[in-house]
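Just so we're on the same page: letters track the sequence lines, and every chain starts at 1. Atom set for the values below is all heavy atoms of this structure, side chains included, hydrogens, waters and symmetry mates excluded.
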Number of protein chains: 2
Amino acid sequence: MSVQSKALEMKFFENFEHAVPDEKVRRILLNASEVFAKKGLAGTKIKDIAAKAGFSQGFVYNYFQSKDDIFTRLVDLAAEGAGISVKYASEQEGTPYEKIFWLTEALLSADSIAMQHWRLLMTQASSSEAVPEAAIKIVKEKAKLPFEHFIPMVMDGQKAGEIADDPPLVLAVTYFSIVQGLALTRIQNGNGIPFPTTEMVLRFMRKER
Amino acid sequence: MSVQSKALEMKFFENFEHAVPDEKVRRILLNASEVFAKKGLAGTKIKDIAAKAGFSQGFVYNYFQSKDDIFTRLVDLAAEGAGISVKYASEQEGTPYEKIFWLTEALLSADSIAMQHWRLLMTQASSSEAVPEAAIKIVKEKAKLPFEHFIPMVMDGQKAGEIADDPPLVLAVTYFSIVQGLALTRIQNGNGIPFPTTEMVLRFMRKER
DNA sequence: GTCTATAAGCCGATAGAC
DNA sequence: GTCTATCGGCTTATAGAC
């Protein structure tokens, strides 16, 4: 695990602990995120979440009103966290390309919690039906945050001649699609599968020199 | 839609119609693939599939034994179809890079049915639990087919100096991850979203000249 | 503070009507 | 050949025990 991803994960947890002060609630949410990521909203049983967190099924209802409630809360945290991660990267020292490199290392790190949340956010909450209204609303509002922090980095990189001169929005959409695709591959196949270097992942937006 | 993707889709349907002679069964399967892709195995209700295909809920059971049966059948077709698509591309005229370019155009084409199946295969069938045993077995057997046809193209391209000299397996894993990520973005956001050119998608494996 | 037991509702699968 | 009605099981959510 790289220094970068450790730093970002710390940042992420800092925010998480601030947003969710109760340790038991955090425990439920963290375990729920893994189960949701693997099985989807409908496929996840409250019993699965409770068992994974070390509680009985009924216990969860002392802290959450419903399964949808847990899901919506997680989507909110994930959307928030994704925005924070990209913003944090943009505030690091270095050239724009170095910042993006840094961010990519963190997002694709084998044991990055942020990655799980990311996949959860992007994949599930936009699958149209059976998703709680509240979750859809949150995604609509907050899903653009990562883009808002990413695109300025791209434009700076283009000015500096580090990044290819394609439309920044297209580069951003491509970037997050690729990160999501690689994260999914990791979640599905475990850490055993061969994985590209960060340098390879970023070639598509690297200015040829 | 490019000439290439039309050709591949025709090839794909040719195989589909051969493997599934009954038109009603095909209709159910095609509609089921869309619903499964959007909602996942657990989130898909038989009623959804039936309604989308224009049948009543009970009707489906004249042709399939269970929901798992439909799912497993689809996973099989998707695994088969993915292998056939890559093989077909490898048999086209042109340089290795041109063949991969061709394949990518076809897989990412906005209205490619193969794309839906692809996502279904990769994402769902490996989500560990609640997935029918039979489906898991099929994936284990057939999911490597695309790689077996893709890697020789990569190696040929490396010999010809068209493709970067990274390990072929890593390039292949990266390629299919990226295609999956982009396909997901399309499925979730529709055709309105900005999308990269094929050239951009393939930069990561293009040899710098 | 945490678990067990139970009620209510949903969905998959079947059987039988038209 | 296709639909409607129904049964049984599973899951959510609650209520009450320890």
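Considering only side-chain atoms of N62(A), the nucleotide from dC3(D), dG12(C), dT2(C) that sits closest is dT2(C). Comparing dC3(C), dG12(C), dT12(D) by their closest approach to the side chain of F55(A) singles out dC3(C). With dA13(C), dT11(D), dT2(D) as the choices, the nucleotide that has an atom nearest any side-chain atom of K45(A) turns out to be dT11(D).
For the pair D68(B) CG and dC11(C) P, the computed distance is 16 Å after rounding to whole Å. Here the P atom of nucleotide dG12(C) and the CD1 atom of I46(B) are 6 Å apart, to the nearest Å. Rounded to an integer number of Å, the gap from NZ of K39(B) to C1' of dC11(C) is 13 Å. Rounding to whole angstrom units, NZ of residue K67(A) and C1' of dA13(D) are separated by 12 Å. Counting to the nearest Å, the P atom of dT11(D) and the CZ atom of F64(A) are 21 Å from each other. For K47(A) and dA13(D), the NZ to P distance is 16 Å, given to the nearest whole Å. The distance between atom OH of Y63(A) and atom P of dT14(D), rounded to the nearest whole Å, is 16 Å. Q57(A) has its CD atom 11 Å from the P atom of dT4(C), to the nearest Å.
Between Y175(A) and F150(A), the ring-plane angle classifies as parallel under the 30° and 60° cut-offs. Using bins of under 30°, 30° to 60° and over 60° for the plane-to-plane angle, the ring pair F16(B)/F13(B) lands in the perpendicular bin.
Separation of the F176(A) and F147(A) ring centroids falls under the 6.0 Å cut-off.
The phosphate of dT14(D) (OP1 or OP2) has no side-chain N or O of Y61(A) nearer than 4.0 angstrom. Remark: K24(B) is in phosphate contact with dT2(D), judged by side-chain N or O atoms under 4.0 Å from OP1 or OP2.
Considering every non-hydrogen atom in both V201(B) and P196(B), the closest pair reads CG2-CG, 3.8 Å.
Comparing F59(A) and Q65(B) against DNA chain C, the residue whose closest nucleotide sits nearer the 5' end is F59(A).
Here M200(B) contributes atom CE and D166(A) contributes atom CG; the two are 3.5 Å apart, rounded to the nearest 0.5 Å.
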